[in-house]
Asker: 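Have a look at this one.
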Amino acid sequence: MASLQTRDSNTIGHKVFPINTDTARIGRFADCEICLDHNGVSRDHALLIREKNGYYIEDLKSRNGTFLNDKQVTGKVRLHDGDLLRFCNVELIFSFDDPNFSDQDSSQTISDRSRAYLSDSDEEVDNTYTVKSQIKLTDKRPVLTSANAAVKLQAMIDIGRNLGAAVDQVLPQLVQNLLKIFLQADCAYILLNDSNSNRLELKAFQHRDPHNQDSFRISRSILEKVAQSKAAILSDDVANDSRFEPSESIVNYSIYSIMAAPIMDYDQSEVLGVIQVDARSTGRKFTYEDLDLLVSLAYQVAVSYQNAKLHEIAMSEKIMEREMNIANTVQRGLLPLAPPIIPNYGFYDFYRPAKYLGGDYYDYIMLPDGRLVFALGDVSGKGVAASLLMAKLSAEVRSGLIIETTFEGTVQRLNRVFCEPRWDNRFITFFFGVLNPTTNEIVFHNAGHVPPILVSSDGTIAMLGESKIGLPLGVMDDTEYPESSFVIQNGQTLVIISDGITDAMNSQGQYFTTEGVLNYLKKVHTESVVEFGKNLINAIHSFAGREPQSDDQSLIVLGRRDC
């Protein structure tokens with residue numbers, strides 16, 4: 001039998017890799033038939049091929065290349081007995097026959113999960129496995145018998161080394177190590193609980209003989225009994241156990257001895273899966289020491305599995321956070337880059353979503369005749385769905401100004417668009433205003449939004465157009481939005497806010513409220529429109545303190561200041 005063995009044990013330790021298949025991948029990835037645990041080795045580094053006339057090596061476009069007798073491999077190159085293969089700093093000697101190789105202590109065997117399947121037949125199960133001995137999970141250290149202690153210890157070290165790897169890398173390597181530790185075993189299985197089906201599903205299977213192509217049935221019910229009892233089991237003589245009823249299924253399964261242990265979570269309250277080994281042809285029994293060792297291994301599997309899952313969750317959250325940051329940048333790109341510049345007028349605006357993405361919207365649009373459209377909207381809800389509707393609103397406002405001949409027609413068109421059933425019954429409160437800098441007249445339409453607040457230089461406060469507020473966009477498709485108008489005087493300031501301003505809450509559960517906004521605006525005395533807006537926002541944030549923002553906040557301040 002051909003094999004590869006390490007030339008120098010300083011890199012990955014002394015190992016012998018038997019070659020039992022027509023093709024064997026060499027690489028750092030855990031499911032490679034020849035796994036080389038070295039950072040310089042690529043995940044899929046090279047391919048070893050067995051053909052009728054001999055063995056060949058082929059590089060798989062590895063990062064550091066494959067070398068045969070110190071010459072870089074290009075294409076497919078034939079191997080000869082005693083050839084030296086080098087993968088980065090890992091050197092392996094190719095041999096046709098290795099007298100030190102044994103199937104029992106092979107460091108690599110071939111995994112083929114498709115040959116093992118779960119049996120759902122309760123009749124087969126009840127006649128196949130019976131608990132002869134049972135132990136609860138403990139924190140006892142694993143017991144290593146003197147025979148094969150070195151092999152078992154090395155396998156335990158290998159398992160511990162892989163604890164931080166991904167789950168799909170850990171399990172194939174683990175079932176290989178189980179066959180090194182339990183020399184009686186023919187087969188090793190790992191089953192994990194599927195969150196969707198809430199059933200145990202086979203995740204890794206290993207048979208000691210790589211040439212065995214038989215299918216192996218695994219009794220589901222006995223595994224579920226292990227999971228339900230949260231206890232490890234041992235039957236050391238299945239065929240002759242008096243508690244087994246003789247049946248054809250026992251003969252078909254050909255199981256001589258079996259061990260199974262539950263894989264428990266950190267606090268030992270939930271079963272994550274089951275680990276099982278069985279002896280079908282070796283004719284040797286598992287011992288109580290073996291069972292105790294399997295329990296310890298099941299604990300290591302649990303730690304590895306949960307660490308990997310926590311890592312996957314952390315990585316997913318990190319990716320999601322990065323994506324949301326990008327989306328936040330894109331959404332802010334839909335808002336004005338800067339306020340407009342109009343003689344004798346000042347502007348201030350503010351936008352802060354409650355989460356990464358928000359449903360508030362505001363915009364300034366200069367018309368060809370010199371008039372300025374300024375709008376502010378608030379989509380119901382928060383987060384991704386609200387932000388997508390905010391983007392739709394932004395586009396539809398500009399489209400409506402081109403298509404419709406009147407401003408009221410523009411608002412009515414917006415309402416019809418958002419009354420369509422595809423928006424999941426969401427609605428939008430919306431303020432739409434138009435400033436004529438020549439006449440200083442402002443006309444506006446209000447679709448269920450907070451009324452605009454007019455602040456005079458003497459502290460007089462007025463909420464405008466309260467009697468002409470229509471329904472929010474998206475409620476009824478035939479809603480009318482009558483026009484309101486006024487002439488803004490020198491020194492007056494118009495404030496348009498979203499309800500995230502009035503709904504700002506402090507640590508005592510108190511809201512800032514519309515009344516709070518009005519009371520504060522009565523006290524504001526500043527010539528600068530920008531300072532006027534900043535002072536209002538600072539007052540709101542001072543009120544809320546460190547209490548998390550519960551709703552998106554947006555604001556437009558428009559003031560006339562004749563020079």
Side-chain angles (χ1 to χ4, degrees), residues 335-336 338-352 360-367 370-378 407 429-446 449-469 483-504 512-543 552-563:
L335 302 174
I341 299 176
I342 297 177
N344 301 325
Y345 281 90
F347 297 87
Y348 173 80
D349 50 62
F350 175 83
Y351 172 79
R352 178 185 287 174
D360 279 9
Y361 150 86
Y362 73 91
D363 204 356
Y364 306 107
I365 305 167
M366 290 298 300
L367 300 179
R371 288 181 294 177
L372 172 72
V373 172
F374 55 103
L376 191 149
D378 183 358
F407 297 128
T429 65
F430 183 65
F431 173 89
F432 181 92
V434 182
L435 167 67
N436 187 333
T438 304
T439 64
N440 298 313
E441 182 184 33
I442 294 177
V443 299
F444 63 90
H445 304 267
N446 193 330
H449 201 75
V450 180
I453 305 168
L454 184 64
V455 184
S456 299
S457 57
D458 61 359
T460 304
I461 302 293
M463 300 188 75
L464 306 179
E466 292 182 274
S467 64
K468 295 184 178 181
I469 298 176
E483 176 185 291
S484 298
S485 65
F486 70 100
V487 175
I488 186 168
Q489 304 296 323
N490 182 37
Q492 287 186 323
T493 305
L494 186 67
V495 180
I496 304 102
I497 61 175
S498 69
D499 60 7
I501 299 290
T502 58
D503 291 346
F512 196 72
T513 71
T514 302
E515 185 179 356
V517 172
L518 297 176
N519 289 334
Y520 177 80
L521 292 178
K522 292 177 183 178
K523 304 173 185 178
V524 175
H525 299 287
T526 176
E527 189 67 24
S528 167
V529 174
V530 173
E531 290 301 320
F532 186 102
K534 285 184 177 180
N535 289 340
L536 175 57
I537 292 299
N538 290 338
I540 293 164
H541 292 165
S542 177
F543 170 83
D552 306 326
Q553 296 176 349
S554 56
L555 166 76
I556 290 178
V557 178
L558 179 158
R560 179 182 170 187
R561 303 289 190 268
D562 292 346
C563 296

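Note that the numbering runs from 1 along the sequence shown for the chain.
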Asker: Any chance you could measure Tyr362, atom OH, to Asp349, atom CG, to the nearest 0.5 Å?
Answerer: 3.5 Å
Asker: Would a 4.5 Å heavy-atom cut-off, applied to side chains only, mark Phe407 and Glu483 as touching?
Answerer: no
Asker: Could you walk me through whether Leu372 and Ile342 pass the side-chain contact (heavy atoms from CB on, under 4.5 Å) check?
Answerer: CA-CA 9 Å; Leu372 172 72; Ile342 297 177; 3.9 Å; yes
Asker: How close do Pro339 and Tyr364 get, heavy atom to heavy atom, and via which atoms?
Answerer: CA-CE1, 3.9 Å
Asker: Taking atom OG1 of Thr502 and atom CD of Gln553, what is their separation to the nearest 0.5 Å?
Answerer: 9.5 Å
Asker: Rounded to the nearest 0.5 Å, what's the gap from CG on Asn519 to CD1 on Ile461? Could you check?
Answerer: 9.0 Å
Asker: Side chains of Val495 and Val517: closer than 4.5 Å at any heavy-atom pair?
Answerer: no
Asker: Quick one, Ile442 and Leu558 - any side-chain contact, counting heavy atoms below 4.5 Å?
Answerer: yes
Asker: Is the closest side-chain heavy-atom distance between Phe374 and Phe347 below 4.5 Å?
Answerer: no
Asker: Go through Tyr520 and Ile540 one step at a time and tell me if the side-chain contact (heavy atoms from CB on, under 4.5 Å) criterion holds.
Answerer: CA-CA 10 Å; Tyr520 177 80; Ile540 293 164; over 6 Å; no
Asker: Do Tyr345 and Asn440 pair up side chain to side chain, a donor and an acceptor below 3.5 Å, judged on atom types alone?
Answerer: yes
Asker: Is Leu555 close to Tyr348 at the side-chain level, that is, under 4.5 Å between some pair of heavy atoms?
Answerer: yes
Asker: Please find the pair of heavy atoms, one from Val529 and one from Gly559, that lie closest to each other, and give the distance.
Answerer: CG2-CA, 3.7 Å
Asker: Which pairs of donor and acceptor atoms, one on a side chain in residues 530-537, lie under 3.5 Å apart (sequence neighbours left out)?
Answerer:
{"from": "Asn535", "atom 1": "ND2", "to": "Glu531", "atom 2": "O", "distance (Å)": "3.1"}

Asker: Tell me, please, which residues at least two apart from Asp363 pass salt bridge (charged side-chain N to carboxylate O under 4.0 Å, His left out).
Answerer: Arg398
Asker: Carefully, step by step, assess Leu464 and Leu494 under the rule side-chain contact (heavy atoms from CB on, under 4.5 Å).
Answerer: CA-CA 10 Å; Leu464 306 179; Leu494 186 67; 4.1 Å; yes
Asker: Rounded to the nearest 0.5 Å, how far apart are CD1 of Ile496 and CG of Leu454?
Answerer: 10.0 Å
Asker: With sequence neighbours left out, write down each residue that passes side-chain contact (heavy atoms from CB on, under 4.5 Å) with Ile469, or none if nothing qualifies.
Answerer: Asn446, Pro451
Asker: Given side-chain contact (heavy atoms from CB on, under 4.5 Å), test Gln489 with Ser456 step by step and report yes or no.
Answerer: CA-CA 8 Å; Gln489 304 296 323; Ser456 299; over 6 Å; no
Asker: Check whether any side-chain heavy atom of Tyr351 sits under 4.5 Å from a side-chain heavy atom of Leu376, and report yes or no.
Answerer: no
Asker: Within the side chain of Arg560, is there an N or O that forms a donor-acceptor pair under 3.5 Å with the backbone of Gly346?
Answerer: no
Asker: For Thr493 and Arg561, test the side chains for any donor-to-acceptor distance below 3.5 angstrom and give the result as yes or no.
Answerer: yes
Asker: Are His449 and Phe444 near enough that their ring centres are under 6.0 Å apart?
Answerer: no
Asker: Out of curiosity, Ile497 CD1 to Thr514 OG1, how far, rounded to the nearest 0.5 Å?
Answerer: 6.0 Å
Asker: Taking atom OG of Ser498 and atom CZ of Phe431, what is their separation to the nearest 0.5 Å?
Answerer: 13.5 Å
Asker: Quick one: sort the Phe430 and Phe432 rings into parallel, tilted or perpendicular, breaks at 30° and 60°.
Answerer: tilted
